[in-house]
Student: 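The structure is given below, and queries will be raised subsequently.
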Amino acid sequence: MTQPTVSVVVPVFNGERYLAEAIESVLTQTLPPRRVIVVDDGSTDGSVAVARNCGAAVQIIEQPNGGAGAARNAALPFVDTEFLAFLDADDTWPASKLELQAEAFMADSSLDIVLGHAQPFLADDAPSGVRAAASLETIPGYLAGAMLVRHASFLRVGPFATDVRLGEFIDWYARAERAGLRS
């Protein structure tokens with residue numbers, strides 16, 4: 001069987017502090033993506049420069065600030081792969097994330113979506129109230145960054161909502177369930 005092809009979309013808004021580490025976690029996957037698309041969502045910091053420093057393997061799209069949903073959607077016309085994944089600019093993936101999810105698709109060809117797990121982490125300078133409330137245990141990841149989805153299945157559901165600034169993935173996933181996508 002041929003190796004599955006994956007495009008990874010990384011939306012960023014003023015994320016220069018973490019962006020290089022996020023992109024590095026994509027570029028060092030054991031199943032390397034064919035395409036890495038960073039969508040700068042109107043950043044006023046050095047996010048674009050950080051993305052450019054990651055090399056020619058990273059395609060950069062710049063747009064005015066419209067939120068994470070709009071940034072993710074801006075990359076969709078450039079996706080030409082069988083699978084699609086998303087990673088927020090302040091998150092990272094373990095090295096085998098894409099490979100393990102692709103193996104799940106190969107084991108069950110009826111799947112449309114494979115979700116992974118997430119392990120929350122805190123920045124060193126996180127406020128103490130946030131630190132006390134955060135759970136650092138690995139949890140099921142019902143979020144865009146934990147998903148690998150068939151490109152065709154994603155298109156059946158449609159783009160992310162752009163009229164909300166929080167919860168666009170929850171909206172998309174609810175529409176995916178209504179459309180009968182299997183995960």
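Computed from a predicted model, the values in this text were never measured in an experiment. Throughout, residue positions are numbered sequentially from 1 according to the sequence presented.
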Student: For ring pair (Phe, Tyr, Trp, His ring centres under 6.0 Å), just list the numbers for F105 and F83, CA-CA rounded to whole Å, side-chain angles, deciding distance to a tenth of an Å, and then say yes or no.
Tutor: CA-CA 10 Å; F105 278 107; F83 293 97; 4.6 Å; yes
Student: Does the side chain of L143 come within less than 4.5 Å of Y173's, by heavy atoms?
Tutor: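 When only atoms from C-beta onward are counted, L143 and Y173 do not touch, as no gap falls below 4.5 Å.
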Student: Indicate yes or no for a side-chain donor-acceptor contact from N65 to the backbone of D41 under 3.5 Å, with no hydrogens or angles considered.
Tutor: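 Answer holds: yes.
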Student: Test Q3 against L31 for side chain to side chain contact (heavy atoms under 4.5 Å, CB included), laying out the working first.
Tutor: CA-CA 8 Å; Q3 187 171 356; L31 171 61; 2.6 Å; yes
Student: Given side chains that start at C-beta, do those of R35 and V79 come closer than 4.5 Å, heavy atoms only?
Tutor: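 The answer is no; the side chains never approach within 4.5 Å.
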Student: Checking the side chain of H151 only, and the main-chain atoms of E82 only, is there a donor and an acceptor separated by less than 3.5 Å?
Tutor: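 A pair under 3.5 Å: no.
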Student: Would a distance-only check, ignoring hydrogens and angles, find a side-chain to backbone donor-acceptor pair under 3.5 Å from R34 to S7?
Tutor: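 Not at all, since once roles are kept as given, no pair shorter than 3.5 Å links the two residues.
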Student: I'd like to know whether R17 forms a salt bridge (Lys or Arg N to Asp or Glu O under 4.0 Å) with D45, so could you lay out the CA-CA distance, the side-chain angles of the two residues, the decisive distance to 0.1 Å, and finally the verdict.
Tutor: CA-CA 9 Å; R17 179 175 176 188; D45 67 357; over 6 Å; no
Student: Return yes if some donor-acceptor pair links the side-chain N/O of Q29 with the main-chain N/O of L98 below 3.5 Å, else return no.
Tutor: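 Side chain of Q29 to backbone of L98, a donor-acceptor pair under 3.5 Å: yes, one is there.
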Student: Are I60 and V50 linked, directly or through intermediate hydrophobic residues, by side-chain heavy-atom contacts shorter than 4.5 Å (ILVMFWY only)?
Tutor: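 Yes, because V50 and I60 connect within a single hydrophobic cluster, where side-chain heavy atoms sit under 4.5 Å apart.
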Student: Over 60° means perpendicular and under 30° means parallel, so tell me whether F86 and F160 are parallel, tilted or perpendicular.
Tutor: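 Geometry flag for F160 against F86: perpendicular rings.
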Student: Quick check: does any side chain N or O of N14 sit under 3.5 Å from a backbone N or O of T44, one acting as donor and the other as acceptor?
Tutor: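 Side chain of N14 to backbone of T44, a donor-acceptor pair under 3.5 Å: yes, one is there.
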Student: State, yes or no, whether a side-chain contact exists between R72 and D88 at a heavy-atom distance under 4.5 Å.
Tutor: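 A side-chain contact exists here, since the closest heavy-atom pair is under 4.5 Å.
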Student: Find out whether V39 and V12 are in side-chain contact, i.e. whether some heavy atom of one side chain is under 4.5 Å from a heavy atom of the other.
Tutor: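 Not in contact.
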Student: When you compare the side chain of Q101 with that of P4, does any pair of heavy atoms fall below 4.5 Å?
Tutor: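 In short, these two side chains do not touch, never coming nearer than 4.5 Å.
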Student: CG/L148 to OG/S183 distance, rounded to the nearest 0.5 angstrom?
Tutor: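 Separation between the atoms: 12.5 Å.
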Student: Are L27 and V8 connected in a single hydrophobic cluster, I mean Ile/Leu/Val/Met/Phe/Trp/Tyr linked by side-chain heavy atoms less than 4.5 Å apart?
Tutor: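 In one cluster: yes.
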Student: Quick check for you: to the nearest 0.5 Å, what is the distance between W93 atom CH2 and E24 atom CD?
Tutor: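 One gets 13.5 Å once the value is rounded to the nearest 0.5 Å.
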Student: Just verifying a value: how many Å separate R182 CZ and E177 CD, rounded to the nearest 0.5 Å?
Tutor: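 R182 CZ to E177 CD: 12.5 Å, rounded to 0.5 Å.
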Student: Backbone N or O of S43 within a donor-acceptor pair of the S47 side chain at under 3.5 Å?
Tutor: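 A pair under 3.5 Å: no.
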Student: Got a second to check how far S96's OG is from E103's CD, nearest 0.5 Å?
Tutor: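 Rounded to the nearest 0.5 Å, the OG-CD separation comes to 8.5 Å.
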Student: Cluster question for you: counting only ILVMFWY and a side-chain heavy-atom cut-off of under 4.5 Å, with indirect links fine, are L84 and Y142 together?
Tutor: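 Yes, because L84 and Y142 connect within a single hydrophobic cluster, where side-chain heavy atoms sit under 4.5 Å apart.
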Student: Please determine which of V6, V26, V9 meets the side-chain contact (heavy atoms from CB on, under 4.5 Å) test together with V36.
Tutor: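 For V36, the side-chain contact (heavy atoms from CB on, under 4.5 Å) test succeeds with only one of V6, V26, V9, which is V26.
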Student: Let me see the working for T92 and S25 under side chain to side chain donor-acceptor pair (under 3.5 Å), right down to the final yes or no.
Tutor: CA-CA 6 Å; T92 61; S25 80; 5.1 Å; no
Student: More than 12 foreign heavy atoms under 6.0 Å from CG of L155: is that the case here?
Tutor: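 Yes, enclosed.
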Student: Within a strict 4.5 Å, meaning less than it, do heavy atoms of the V149 and W172 side chains meet?
Tutor: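 Counting from C-beta outward, V149 and W172 do come under 4.5 Å.
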Student: Look at the side chain of D91 and the backbone N and O of G145, then say whether any donor-acceptor pair between them is shorter than 3.5 Å.
Tutor: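 No, because the side chain of D91 does not come within donor-acceptor range (under 3.5 Å) of the backbone of G145.
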Student: Kindly indicate whether the side chain of V164, heavy atoms from C-beta on, has any atom under 4.5 Å from the side chain of D171.
Tutor: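 Side chain of V164 against side chain of D171, heavy atoms only: no contact under 4.5 Å found.
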Student: In terms of side-chain heavy atoms, does D40 have a donor or acceptor partner in Q63 at a distance below 3.5 Å?
Tutor: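 The answer is no; no qualifying pair exists.
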Student: Indicate, with yes or no, if F13 and V38 share a hydrophobic cluster defined by side-chain heavy-atom contacts under 4.5 Å among Ile, Leu, Val, Met, Phe, Trp and Tyr.
Tutor: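 No, V38 does not connect to F13 through the hydrophobic network.
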Student: Write down the atom of E168, the atom of A68, and the distance for their closest heavy-atom approach.
Tutor: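 Closest approach of E168 to A68: OE2-CB, 3.6 Å.
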Student: Let me confirm one number: the CG-NZ distance from L87 to K97, rounded to the nearest 0.5 Å.
Tutor: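 L87 atom CG to K97 atom NZ measures 8.0 Å (nearest 0.5 Å).
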Student: Output yes when R52 and E62 qualify as a salt bridge under the 4.0 Å nitrogen-oxygen rule, no when they do not.
Tutor: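 Here R52 pairs with E62 in a salt bridge, since their nearest N and O are under 4.0 Å apart.
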Student: Could you report the tightest heavy-atom contact between N73 and P159, atom names first, then the distance?
Tutor: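 The pair with the smallest heavy-atom distance is OD1-CB, 3.3 Å.
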Student: So do I37 and I61 actually touch side chain to side chain, heavy atoms under 4.5 Å?
Tutor: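 Of all side-chain heavy-atom pairs linking I37 with I61, at least one is under 4.5 Å.
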Student: Between P11 and A71, what is the shortest heavy-atom contact and its length?
Tutor: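 Shortest heavy-atom contact: CB-CB, 3.6 Å.
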Student: For L19 and V10, run side chain to side chain contact (heavy atoms under 4.5 Å, CB included): C-alpha distance rounded to whole Å, both residues' side-chain angles, the deciding distance at 0.1 Å, then the answer.
Tutor: CA-CA 9 Å; L19 183 59; V10 182; 4.0 Å; yes
Student: Taking all atoms of both residues into account, what is the closest heavy-atom pair of A104 and V114, and its distance?
Tutor: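 Closest approach of A104 to V114: CB-CG2, 3.9 Å.
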